[in-house]
Amino acid sequence: MSKFPYLRQDLAASIVVFLVAVPLCVGVAVASGVPAELGLVTGIVGGLVTGLMPGSSLQVSGPAAGLTVLVFEAVSEFGVAALGVIVLMAGLLQLAMGLFRVGRWFRAISVSVVEGMLCGIGLVIIAGQIYAAAGLKAPETGIGKITGLPGAFADALGNTEALTSLAIGAGTIAVIVLWKKMPKKAQAVPGALAAVLLATVATAAFSLPVATVEVEGLLGVIQPPGADAFGELAGPAIWGTIIAFALIASAESLFSAAAVDRLHDGPRTQYDKEMLAQGAGNTVCGLLGALPMTAVIVRSSANVQAGAKTKASRVLHGVWLLLFAVALPSALALIPLPALAGILVHAGWKLIPFRQLAGLWRGHKGEALILVVTAVSIVAVNMFEGVLIGLALAVIKTAWEASHLKTEVIDKGAGPIQVHLSGNATFLRLPKILDSLEALPQDRPIEVDVSGLYHLDHACRTALDNWAQRHSAPDTEPVKVKTAEPVRATAP
């Protein structure tokens, strides 16, 4: 027992995490358009493979709601058979990033872009799963899902089966939200699991006309990628999806790790090792034809709150998932699909950062704008392009803020007009500089002092020289440019 001083705490925590993981694993798989068992397979690999590796000791990995949209798009475009090779190559890419110590650089990604990414994902999940809760087919695009909701509700109102299904989904959400008000002993059972159990019992007891999970058996769904799937790699289209999987899964995992570190006083995350652990997990998931994995903040926070002390809790949660998948797969066939949709609507709602957005808008409107544009882009275009748009905006904003420039004009009425430039003169501020200089009179001597500039790029230096040569009238003294030392124009 001395070798495992925290075995009791880790064992108890592992059971809690297992109970949280089961409905989420199944729900994410169904929402991604793949067999329910594949979600369990990814959860098992997250516990037994990633869980054993160094990186973040208390973080729990598995199929995540955050990748649901991306996986659904990939399965729709390339088919379930190609999913394994996509996840496999993404895992190998993550391993390479871990070996080359890229993990720590993910901390440099703008938080607004990540929050915007999660917000966009949350909106698409909510819109899509409302259709699933009503038993209706969802439109293909994010915009279509949202704009089609009024029509979907109108269809559901005239259909008894759709109304029944929607009621099960709404009831599931209500139970999850209200479960936190239950006595502490009752809360030992996670709210999502309690909601699914109640929905399952209600559906069976009243023989409700509601669709349930289709079960194929664990061995029946494990399909290692074949030659045809690897043949897809010859086309460029699939590589965009692979890169998106690797980058978005890595970003979500490492930001989750930072959040989990704030929840406990144990060892801090080693980012490059965590990247290797995620890569190893996704490589195995790919070989099994399963869903991609990321670290999942819901399971990870449940693990910490349940008293976990070491990585043993997350490994044991993988063992319990494996035993469940082997011994009780038929139990999945009893779960109503609208209940899983309800769980994902709630998960999608929690991805939308309402508090962060309000705080950003008060203090950093530019960051708030990046968050909103990233989210809207994901809904309007797709996941990968939406994130790229957000990253581009963050870079432009940073460049703009880094090019602060102050222009001061001093005219004493007699003698030359003095212009003092200070800060950073980059091409981004060139219109402002030229507007100020060209507004100066042409019949007065002018002295431009650039000694206060920290940086003068090539574009600004060229524009300044051209303006100085042509500005003065023929009978006026030429413009003088004053520097503390000769200014060397630097290429941007």
Side-chain angles (χ1 to χ4, degrees), residues 19-20 22-40 63 65 68-69 72 76 122-142 144-182 186 189-216 328-351:
L19 295 175
V20 170
V22 169
L24 284 171
C25 286
V26 176
V28 168
V30 171
S32 300
V34 302
E37 293 91 337
L38 285 182
L40 293 174
T68 304
V69 177
F72 187 84
S76 300
L123 289 170
V124 176
I125 288 173
I126 290 168
Q129 292 307 305
I130 288 174
Y131 291 91
L136 302 171
K137 181 174 173 56
E140 295 290 329
T141 64
K145 288 180 173 70
I146 292 173
T147 56
L149 284 175
F153 280 118
D155 292 343
L157 288 173
N159 185 326
T160 306
E161 289 188 8
L163 274 177
T164 305
S165 186
L166 204 55
I168 292 287
T172 301
I173 296 169
V175 171
I176 294 171
V177 172
L178 297 173
W179 198 253
K180 293 178 182 176
K181 300 185 184 298
M182 296 289 285
V189 178
L193 182 67
V196 168
L197 289 174
L198 288 171
T200 303
V201 169
T203 301
F206 297 103
S207 301
L208 299 177
V210 172
T212 56
V213 174
E214 292 182 15
V215 175
E216 298 181 29
L328 295 169
S330 57
L332 296 177
L334 301 173
I335 300 174
L337 290 179
L340 296 178
I343 287 174
L344 286 169
V345 167
H346 181 259
W349 182 263
K350 293 184 77 172
L351 288 175

side-chain contact (heavy atoms from CB on, under 4.5 Å) between Ile125 and Val345, worked out
CA-CA 7 Å; Ile125 288 173; Val345 167; 6.0 Å; no

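- Here the options are Leu197, Leu340, Val22, the test is side-chain contact (heavy atoms from CB on, under 4.5 Å), and the partner is Ile335; only Leu340 passes.
- Annotation: the span from Leu123 atom CG to Trp349 atom CH2 amounts to 9.0 Å, rounded to 0.5 Å.
- Scanning both residues, Ile146 and Ala127, for their nearest heavy atoms gives CG1-CB, 3.9 Å.
- Residues Glu214 and Glu37 share a closest heavy-atom pair of O-OE1, 4.3 Å.
- In this structure, OG1 on Thr203 lies 9.5 Å from CG on Leu334, to the nearest 0.5 angstrom.
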Can you give the donor-acceptor pairs under 3.5 Å from side chains of residues 204-212 to other protein atoms, not counting sequence neighbours?
unit_1: Thr212; atom_1: OG1; unit_2: Ala333; atom_2: O; d: 3.1

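- For the pair Tyr131 (side chain) and Ala152 (backbone), a donor-acceptor distance under 3.5 Å is absent.
- Separation of atoms NZ (Lys145) and CD (Gln129) is listed at 9.5 Å; rounding is to 0.5 Å.
- In this structure, Ala65 and Leu344 approach most closely via the heavy-atom pair CB-CD2, 4.2 Å.
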Quiz: residues 156-166 side-chain donor-acceptor pairs under 3.5 angstrom, not counting sequence neighbours:
unit_1: Asn159; atom_1: OD1; unit_2: Glu161; atom_2: N; d: 2.9
unit_1: Asn159; atom_1: OD1; unit_2: Ala162; atom_2: N; d: 3.2
unit_1: Thr164; atom_1: OG1; unit_2: Thr160; atom_2: O; d: 2.8
unit_1: Ser165; atom_1: OG; unit_2: Ala133; atom_2: O; d: 2.5

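- Scanning all heavy atoms of the two residues, the minimum distance from Ile168 to Pro336 falls at CG2-CB, 4.4 Å.
- Each of Leu193, Ile176, Val26, Ile173 was evaluated against Ile343; a single residue qualifies, Ile176, per the side-chain contact (heavy atoms from CB on, under 4.5 Å) test.
- With rounding to the nearest 0.5 Å, the separation of CG in Leu24 from CG in Leu40 is 11.0 Å.
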Please list every donor-acceptor pair under 3.5 Å in which a side-chain atom of residues 27-36 meets a protein atom from a residue at least two apart or in another chain.
unit_1: Ser32; atom_1: OG; unit_2: Val28; atom_2: O; d: 2.7

